[in-house]
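Model, not experiment: these values are computed from the prediction. So you know, we letter chains A, B, ... as the sequences are listed, proteins then strands, and number each from 1. Side-chain atoms are counted along with the backbone in the values below, which use heavy atoms only and exclude waters and symmetry mates.
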2 protein chains.
Amino acid sequence: MSIFSQVAIVGGTHGNEFSGIYALKQWQQNSETVTRSSFSTELFFANPCAYQANKRYLDCDLNRQFDPKLLADQSLANYEQSRAKVLNQQLGPKGDPRVDLIIDLHNTTSNMGPTLILLTLDTFNTQLAAYVSERMPDAVILVEDHIEPIQQAFLCSVAKQGVIVEIGPQPQSVLRHDVMESMHEMTTHILDFVHLFNIDQVPELPEKITGFRYTETLHLPQDASGERIGMVHQHVQDKDFVPVNPGDPLFILFDGSEQTWQGDYVAYPHFINEAAYYDNNIAMSMAERIEINTK
Amino acid sequence: MSIFSQVAIVGGTHGNEFSGIYALKQWQQNSETVTRSSFSTELFFANPCAYQANKRYLDCDLNRQFDPKLLADQSLANYEQSRAKVLNQQLGPKGDPRVDLIIDLHNTTSNMGPTLILLTLDTFNTQLAAYVSERMPDAVILVEDHIEPIQQAFLCSVAKQGVIVEIGPQPQSVLRHDVMESMHEMTTHILDFVHLFNIDQVPELPEKITGFRYTETLHLPQDASGERIGMVHQHVQDKDFVPVNPGDPLFILFDGSEQTWQGDYVAYPHFINEAAYYDNNIAMSMAERIEINTK
């Protein structure tokens, strides 16, 4: 019996990230492209109401609602909070899920290229990362394992295993040909790998690959009253996963002065100037570069 | 007496185009940067409610409400329709306006660089275009004179003279350092030119410059039921103002087939894949290349 017998591909978790939504439409008409003999694949449109409204979400970010405490709290019942509970029932429930693997499809306005986000570095994810990296040299592996997967608030954390396909840059509510092709390509590699893993025929993989591990989140400069007083410096704009040294400029204030990177390590910014994060005044995430050993 | 004695700089006509909104904030604190001795400058935040809602508009596109028939129709009273009547009163009224020149600040998600949009090619606009082009070599001059300025629906058509500063690419609801700098630079050149024009000291200008004249609008491919069945081809994505020959690919359908440019002229697409135009299923505008004579 396959380790991964039930796969779910989820699109439209954010209603204005169009690539996943349109990819689902195409796969609904050609379901053989996303199935393999060792598993079945279901397609889920996570937030159709937000898509109808042409917004990321109606009430709150659906992809932050899958923390087990939030799922258990029945008093949290706005649109996305309710939708999270429904999806948890359909795909999970978290902790004892029906679905073995969720592939959640996202876009970003940041220049992140095709990025595969992993919630943990177990054997499956490690080999998956190596398999995808080898076949898609421009792909970036981003590890967000600062929280246990079971405690994660991401939708994909509901299944036994979950990954995020995150492709940018693409403005909100736009469909780019190149971004769509990257999403198809990365999803296809993931599905191919799951099948090979299931039938115990994973090919020879590179012994180690380069990845990035999330470290912290930086905010846009604000004054004491909370007014935004600066923006991301052009020194880092569009330079996702390019190293920033302590002292390098990160922000330009409207008065012309600069703010520099104050950390004590070489950081790899990503989600730089992501439009959706302005709500929370977030400027970028930082990561450190890591080696991922596949043996 | 100056020909242009009253100038208005307008930002936030679209609530999610942040550069103009933040430029206004900066100029409110340093008003000397936008005034010159031969004219006074007022700053207008056209659609603050849309900005609060983090949307282009609440009810309808404010920058399409200044057609004289719409302004005269008191039954049109949704938020932007009402706001247009207020702005027409404050800046116009159209036909006999108080304000001599409106500079309306916009962003686009399209890769248009710094673009100066003119509604007519009279002596002032022609010389302005040459002055800006010479000082800002990456600037594009786009002429939208297929409608008489008085019949135009754009906000800037309310004053005696109106121009649009349109800078891209910038995602909606994002502030880019490079785009902000371009907006400052182009606006400064326009203000400098207005002053020189007022005091009859326009410097020697190139005899002719290259510009583009709007010809037509193309829509995204749809099926008979109105469902979108394709997207902008990567052959033209990000290639604003790059020539397209008859027969060149413009769209890729989700079934893998291509649609080509069917016009009988070499076209210069712009506003390619602009996010805000998806509402109306618009894919891009086309233009022809023109020579603008300044003598």
On a heavy-atom basis, which atom in A:Gln234 and which in B:His177 lie closest, and how many Å separate them? N-ND1, 2.8 Å

Answer whether the closest heavy-atom distance between the side chains of A:Val174 and B:Val232 falls below 4.5 Å.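 Contact flag for A:Val174/B:Val232 side chains = no.
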
Side-chain contact test, heavy atoms from C-beta onward, threshold under 4.5 Å: evaluate it for B:Gln29 versus A:Asp255 and give yes or no. no

Between B:Leu220, B:Asn273, B:Thr109, who has the most heavy-atom pairs with chain A when the cutoff is under 4.5 Å?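 So the answer, after comparing B:Leu220, B:Asn273, B:Thr109, is B:Asn273.
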
Is A:Phe18 close to chain B through its backbone or its side chain, or both, or neither, when contacts mean heavy atoms under 4.5 Å?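 Side chain only.
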
Heavy-atom contact with chain B under 4.5 Å, split by part of A:Asn16: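 No part of A:Asn16 comes within 4.5 Å of chain B.
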
Of all of A:Gln172, A:His233, A:Glu274, which one pairs up most often with chain B through heavy atoms under 4.5 Å apart?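 Result: the option with the highest number of such pairs is A:His233.
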
For B:Asn30, which atoms come within 4.5 Å of any heavy atom of chain A: side chain, backbone, both, or neither? neither

Is B:Glu181 in contact with chain A via its backbone, its side chain, both, or neither, using a 4.5 Å heavy-atom distance?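 Side chain of B:Glu181 only, per the 4.5 Å heavy-atom cut-off to chain A.
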
Taken to the nearest 0.5 Å, the spacing of A:Lys25 NZ from B:Ile229 CD1 works out to 11.5 Å

How many angstroms lie between CE in B:Met231 and OH in A:Tyr22, if you round to the nearest 0.5 Å? 10.5 Å

Determine whether a donor-acceptor pair (N or O, by modelled atom type, separation under 3.5 Å) exists between the side chain of B:Tyr278 and the backbone of A:Leu175. yes

